Amino acid sequence: MTDHMIDSTLSELERYYDTVPRVGGARAEDFGPLTLFVQEGAGWPYYARPALGGPAATAADVRRVLARQRELKVPEAFEWVAENSPSLRAAVEAAGLYVHAHPLMVLDTAAVRLPAHPEIRLLGADDPLLTAAVTVPALAFAAPGTALGEAGPAELAAAMAEPSAEEGRARVSGMLASGRTGMAAAVRDGLVLCSGQYNPVGDVAEVVAVGTLPSARRQGLALGVTGALVADALTRGARTVFLSAGDEDVARVYARAGFRRVATALIAEPPAQPGA
């Protein structure tokens, strides 16, 4: 990508980040340079981020939002693109938050597409495997990275028995039915080993929550799921497909699916407490 193309893409992603919480059922609270998105009812708990076209935020602005998040008992979280809001990191750190950095990657539409994986299929709103597909990423993110882990079918069955699993299934089922998300899963002998989603807004789609059951890693399943999500998003009219990688190792996996790093996504939250 040329510098001009990257700048144009980052502006497009900035509009996406501002829009997706609104269509996802969140209300927007105005804090001048910052916007706090608050989920109303069941659904994903959102974050605060820079207001579109707003001035640079100060540590005092960040503290005002933090006080409101504590009042509402919602996550004390901020998300933004480093290149779009370069001064925000210093402000959130001055307010006492810890910042995580993640490679922000955009699909190179000229890249060769991955061949379809025989164990991967798209899921619909009424798919009997939907509960498992929604639960697998939670187990994956509890043991981050790409190395083999311990969590397997037994842990998946136990997690699916939790009330939160049914709540997640119902939420994603509604999103699938309304077209607000697409989902793919790797299925072997009736067991979901990997799954992921993409969320389209207009002609932009973000690939999210791609996770492999830790005991099933190192088989190319996440790559195959990502390829299926990309293919479906493009079929449904997406022009720009992007994602945030968990770390540099994960970014190298996504590079094999045709994604190229264009910027850095930043997430700020309170530092972990000792013993937590």
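The structure displayed is predicted, hence computed values, not measured ones.
Judged by distance alone, the side chain of Arg261 and the main-chain N or O of Ala251 form no donor-acceptor pair under 3.5 Å. Here the side chain of His102 pairs a donor or acceptor atom with the backbone of Gly246 at under 3.5 angstrom. Looking only at distances, a side-chain donor or acceptor of Arg260 sits under 3.5 Å from a matching main-chain atom of Ala255. At least one donor-acceptor pair closer than 3.5 Å links the side chain of Glu155 to the backbone N or O of Gly152. Under the 3.5 Å distance criterion, the side-chain polar atoms of Glu79 are left unmatched by any main-chain donor or acceptor of Ala268.
Residue pairs meeting the ring-ring contact (aromatic ring centres under 6.0 Å, His included) criterion with at least one member in residues 185-243, sequence neighbours excluded, are Tyr16-Phe242, Tyr17-Phe242.
Between Pro200 and Arg236 there is a side-chain heavy-atom pair separated by less than 4.5 Å. With contacts defined as side-chain heavy-atom distances shorter than 4.5 Å, the pair Leu234/Arg113 qualifies. Looking at Leu221 and Leu213, their side chains never come closer than 4.5 Å, going by heavy atoms from C-beta outward. Annotation: side chain of Leu176 is in contact with side chain of Met183 (closest heavy-atom distance under 4.5 Å). Side chains of Trp80 and Val92 form a contact here, defined as non-hydrogen atoms less than 4.5 Å apart. The closest side-chain heavy-atom distance from Leu243 to Val208 is not below 4.5 Å. At least one side-chain heavy atom of Gln69 sits less than 4.5 Å from a side-chain heavy atom of Phe78. In this structure the side chain of Glu14 reaches within 4.5 angstrom of the side chain of Val81, judged on heavy atoms.
There is a path of hydrophobic side-chain contacts, each under 4.5 Å, that joins Leu104 to Tyr47. Hydrophobic clustering (side-chain heavy atoms under 4.5 Å, transitive across Ile, Leu, Val, Met, Phe, Trp, Tyr) keeps Val134 apart from Met175. Leu72 and Val62 fall within a single hydrophobic cluster, where Ile, Leu, Val, Met, Phe, Trp and Tyr are joined by side-chain heavy atoms under 4.5 Å apart, directly or via other members. Phe259 is not connected to Val253 by any chain of hydrophobic side-chain contacts under 4.5 Å among Ile, Leu, Val, Met, Phe, Trp and Tyr, and they are in different clusters. No single ILVMFWY cluster, assembled from side-chain heavy atoms under 4.5 Å apart, contains both Ile267 and Val38.
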Steps toward salt bridge (Lys or Arg N to Asp or Glu O under 4.0 Å) verdict (Arg169, Asp127): CA-CA 10 Å; Arg169 185 211 62 79; Asp127 198 293; over 6 Å; no
Worked check of side chain to side chain contact (heavy atoms under 4.5 Å, CB included) between Arg68 and Phe31: CA-CA 10 Å; Arg68 177 59 172 159; Phe31 285 82; 3.6 Å; yes
Evaluation steps, side chain to side chain contact (heavy atoms under 4.5 Å, CB included), between Leu229 and Val210: CA-CA 10 Å; Leu229 294 170; Val210 176; 4.0 Å; yes
Full working for side chain to side chain donor-acceptor pair (under 3.5 Å) between Thr146 and Asp249: CA-CA 7 Å; Thr146 60; Asp249 288 339; 4.8 Å; no
Stepwise side chain to side chain donor-acceptor pair (under 3.5 Å) check, Thr235 with Asp232: CA-CA 5 Å; Thr235 297; Asp232 193 51; 5.3 Å; no
Phe37/Arg49 under side chain to side chain contact (heavy atoms under 4.5 Å, CB included): CA gap, chis, key distance, verdict: CA-CA 8 Å; Phe37 293 104; Arg49 67 176 329 278; 3.8 Å; yes
Pair Arg188-Gln219, side chain to side chain contact (heavy atoms under 4.5 Å, CB included): steps then yes or no: CA-CA 12 Å; Arg188 183 179 300 158; Gln219 300 180 49; 2.9 Å; yes
Step-by-step salt bridge (Lys or Arg N to Asp or Glu O under 4.0 Å) determination, Arg252 to Glu248: CA-CA 6 Å; Arg252 282 189 282 272; Glu248 296 297 341; 5.2 Å; no
Salt bridge (Lys or Arg N to Asp or Glu O under 4.0 Å) between Glu71 and Lys73, intermediate numbers included: CA-CA 6 Å; Glu71 178 186 359; Lys73 296 181 172 58; over 6 Å; no
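The two residues Leu88 and Ala57 come nearest to each other via the heavy atoms CD1-CB, 4.0 Å. In terms of heavy-atom proximity, Leu130 sits nearest to Ala125 at CD2-O, 3.5 Å. Closest of all the heavy-atom pairs between Ser195 and Val225 is C-CG1, 3.9 Å. Closest heavy-atom contact between Asp247 and Pro103: O-CG, 4.1 Å. In this structure, Ala28 and Thr35 approach most closely via the heavy-atom pair CB-CG2, 3.8 Å. Nearest heavy atoms, Glu83 versus Ala263: OE1-CB, 3.1 Å.
Residue Glu166 holds its CD atom at 9.5 Å from OG1 of Thr135, rounded to the nearest 0.5 Å. The structure places CG of Leu97 at 7.5 Å from CD of Glu76, a figure rounded to the nearest 0.5 Å. The distance from atom CG of Leu139 to atom OG1 of Thr212, rounded to the nearest 0.5 Å, is 11.5 Å. Note that the CG atom of Leu148 and the CZ atom of Arg217 stand 8.0 Å from one another [nearest 0.5 Å]. Between the OG atom in Ser85 and the CG atom in Leu266 there is a gap of 9.5 Å [rounded to 0.5 Å]. Between atom CG of residue Leu191 and atom CD of residue Glu119 there is a gap of 10.5 Å, rounded to the nearest 0.5 Å.
The existence of a salt bridge linking Arg64 and Asp61 is confirmed by a sub-4.0 Å separation between a basic side-chain nitrogen and an acidic carboxylate oxygen.
Checking each of Leu107, Asp203, Thr109, Leu13 against Thr240 for a side-chain contact (heavy atoms from CB on, under 4.5 Å) leaves exactly one that passes, namely Leu13.
Atom CZ of Arg256 sits in a sparse spot, with 12 or fewer heavy atoms from other residues, nucleotides or ligands closer than 6.0 Å. Around the CD atom of Glu40, the shell of radius 6.0 Å holds more than 12 heavy atoms that belong to other residues, nucleotides or ligands.
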